[in-house]
Amino acid sequence: MKTLVFATNNKHKLQEVRQILGERFDIKSLADIGCEVDIPETADTLEGNAMQKAKFVKEHYGLDCFADDTGLECRALDGAPGIYSARYAGENHDSEANMRKLLENLREKNDRSAQFRTVIALLYQGEEHLFEGIVRGTIIHEHKGTQGFGYDPVFVPEGFHSTFAEMTADEKNSISHRGRAVAKLADFLTGTNE
């Protein structure tokens, strides 16, 4: 079984990916390979940040690797918070503060359309690949739900009346940006991509 590193220590993400790829690949986290460094994300795109993390692992540990980066992009805010989604309100990575800032910045806007976008960068057998997953939706005016993380309590995906935070993990994963990107990665790795 081939070993593939997922450049994360997020247990939820890791479990989801292991469920999808686990039969064919031994998926390791950063902790599993002894990487305790906070890998820099200094690019100005999601693609750049994801590739930067994957290359760090390949260069320092010599292992094939994939990494993801996700951003919430609001049309009325010219794509913000985008690559700054996790630290929109500052470096503390406080989801509540990030949501408060987002709702304040959208308060006078009529267009509340937004999308979550995940990009997965893969370094595999000497080649670089990118996979993207997008889910479009709307930013509502107040928090709803207690599941999920990040901006989930204020994001309602298209075709639904519930926020991501009101959905079960299985419901969210079946339509989420990350789920869609991971599905493309899985198709590629298992050789079923067209």
Side-chain angles (χ1 to χ4, degrees), residues 1-72 81-98 116-133 146-153 164-165 167-170 172-174 176-190:
M1 187 182 287
K2 181 153 181 60
T3 295
L4 195 57
V5 177
F6 182 14
T8 189
N9 279 319
N10 180 311
K11 291 177 181 169
H12 174 74
K13 287 187 196 179
L14 195 60
Q15 180 182 5
E16 179 183 324
V17 169
R18 281 178 172 158
Q19 285 174 338
I20 296 169
L21 298 175
E23 291 184 13
R24 296 174 190 234
F25 291 87
D26 180 19
I27 305 296
K28 303 282 191 192
S29 69
L30 292 175
D32 292 334
I33 63 169
C35 177
E36 297 178 9
V37 179
D38 190 14
I39 301 174
E41 295 180 50
T42 56
D44 57 6
T45 63
L46 297 175
E47 292 83 355
N49 281 336
M51 191 59 74
Q52 187 175 15
K53 289 187 280 188
K55 285 181 175 178
F56 182 94
V57 171
K58 184 68 174 175
E59 288 167 9
H60 291 84
Y61 296 88
L63 298 168
D64 282 346
C65 177
F66 64 95
D68 74 322
D69 198 20
T70 296
L72 174 67
I83 61 168
Y84 303 107
S85 293
R87 53 191 187 278
Y88 192 42
E91 290 297 324
N92 295 335
H93 298 268
D94 182 321
S95 294
E96 282 299 319
N98 288 339
F116 272 117
R117 189 163 67 93
T118 291
V119 175
I120 294 176
L122 171 69
L123 293 179
Y124 185 66
Q125 297 180 343
E127 295 183 349
E128 298 179 4
H129 304 274
L130 291 171
F131 306 94
E132 180 183 71
T146 58
Q147 304 300 312
F149 57 94
Y151 298 92
D152 287 356
F164 270 164
M167 297 179 178
T168 66
D170 286 344
K172 178 189 169 186
N173 291 341
S174 71
S176 79
H177 43 294
R178 186 172 297 105
R180 291 173 177 178
V182 170
K184 291 177 183 178
L185 171 72
D187 284 348
F188 174 79
L189 288 172
T190 56

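Basis for what follows: all heavy atoms, side chains included, without hydrogens, waters or symmetry-related copies. Start at 1 with the first residue, then count along the sequence. Since this is a predicted model, take the numbers as computed values, not measurements.
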Task: Exercise: identify the closest heavy-atom pair between G133 and A181 - done: N-CB, 3.6 Å
Open item on the list: If you define the side chain from C-beta out and look only at heavy atoms, does anything of F116 sit under 4.5 Å from R180?
Closed with: no
TODO: With sequence neighbours excluded, tell me which residues meet ring pair (Phe, Tyr, Trp, His ring centres under 6.0 Å) with Y151.
DONE: none
TODO: Using a 4.5 Å cut-off on heavy atoms from C-beta on, say whether the side chain of T8 contacts that of V17.
DONE: no
- [ ] Using atom types as modelled and distance alone, determine if a side-chain donor or acceptor of D32 lies under 3.5 Å from a backbone N or O of S29.
- [x] yes
Open item on the list: How long is the straight-line distance from NZ of K13 back to CD1 of I27, given to the nearest 0.5 Å?
Closed with: 14.5 Å
Task: For E127, side-chain hydrogen bond (donor to acceptor under 3.5 Å, both in side chains) partners two or more places apart - done: H129
TODO: Could you go through the side chain to side chain contact (heavy atoms under 4.5 Å, CB included) check for N173 and V182 one step at a time?
DONE: CA-CA 10 Å; N173 291 341; V182 170; over 6 Å; no
Open item on the list: Once ring pair (Phe, Tyr, Trp, His ring centres under 6.0 Å) is applied, do any residues pair with F131, and if so which ones, sequence neighbours excluded?
Closed with: F188
Open item on the list: If I take atom CG from residue N9 and atom CD from residue E36, how far apart are they, to the nearest 0.5 angstrom?
Closed with: 8.5 Å
TODO: Using the test side-chain hydrogen bond (donor to acceptor under 3.5 Å, both in side chains), find all partners of T118 that sit at least two apart in sequence or belong to another chain.
DONE: T70
- [ ] Please tell me if the side chains of H60 and V37 come closer than 4.5 Å, counting only heavy atoms from C-beta onward.
- [x] no
Open item on the list: I need the minimum non-hydrogen distance between A67 and A7, along with the two atoms involved.
Closed with: CB-CB, 3.8 Å
Task: Nearest-0.5 Å distance that lies between atom NZ in K28 and atom CD1 in I33 - done: 10.0 Å
- [ ] Measure the shortest side-chain to side-chain distance between L30 and F56 over non-hydrogen atoms and say whether it is less than 4.5 angstrom.
- [x] no
Open item on the list: Please enumerate all residues that pass side-chain contact (heavy atoms from CB on, under 4.5 Å) together with E41, with sequence neighbours excluded.
Closed with: N49, K53, D69
TODO: Ignoring hydrogens and angles, tell me if any N or O in the side chain of D64 forms a donor-acceptor pair with the backbone of L4 under 3.5 Å.
DONE: no
Open item on the list: Contact between K2 and Y124 at the side-chain level, heavy atoms closer than 4.5 Å - yes or no?
Closed with: yes
Task: Minimum-distance pair of heavy atoms, taken over all atoms of A54 and A121 - done: CB-O, 4.0 Å
Task: Polar side chain donor-acceptor pair, N98 to S95, under 3.5 angstrom - done: no
Task: Six-ring centre of F149, K11 cation under 6.0 angstrom, axis tolerance 45° - done: no
- [ ] Go through the structure and list residues passing side-chain hydrogen bond (donor to acceptor under 3.5 Å, both in side chains) with S85, not counting sequence neighbours.
- [x] none
Task: Side chain to side chain, Y88 and L72, heavy atoms closer than 4.5 Å - done: no
Open item on the list: Let me confirm one number: the CG-NE2 distance from L46 to H177, rounded to the nearest 0.5 Å.
Closed with: 10.5 Å
Open item on the list: Quick check for you: to the nearest 0.5 Å, what is the distance between L123 atom CG and K55 atom NZ?
Closed with: 7.0 Å
Task: Under 3.5 Å donor-acceptor, K184 side chain and E132 backbone - done: yes
Task: Heavy-atom side-chain proximity of L122 to L189 below 4.5 angstrom - done: yes
Open item on the list: I want to check something: taking the side chain as every heavy atom from C-beta on, are V119 and T45 in contact at a cut-off of under 4.5 Å?
Closed with: no
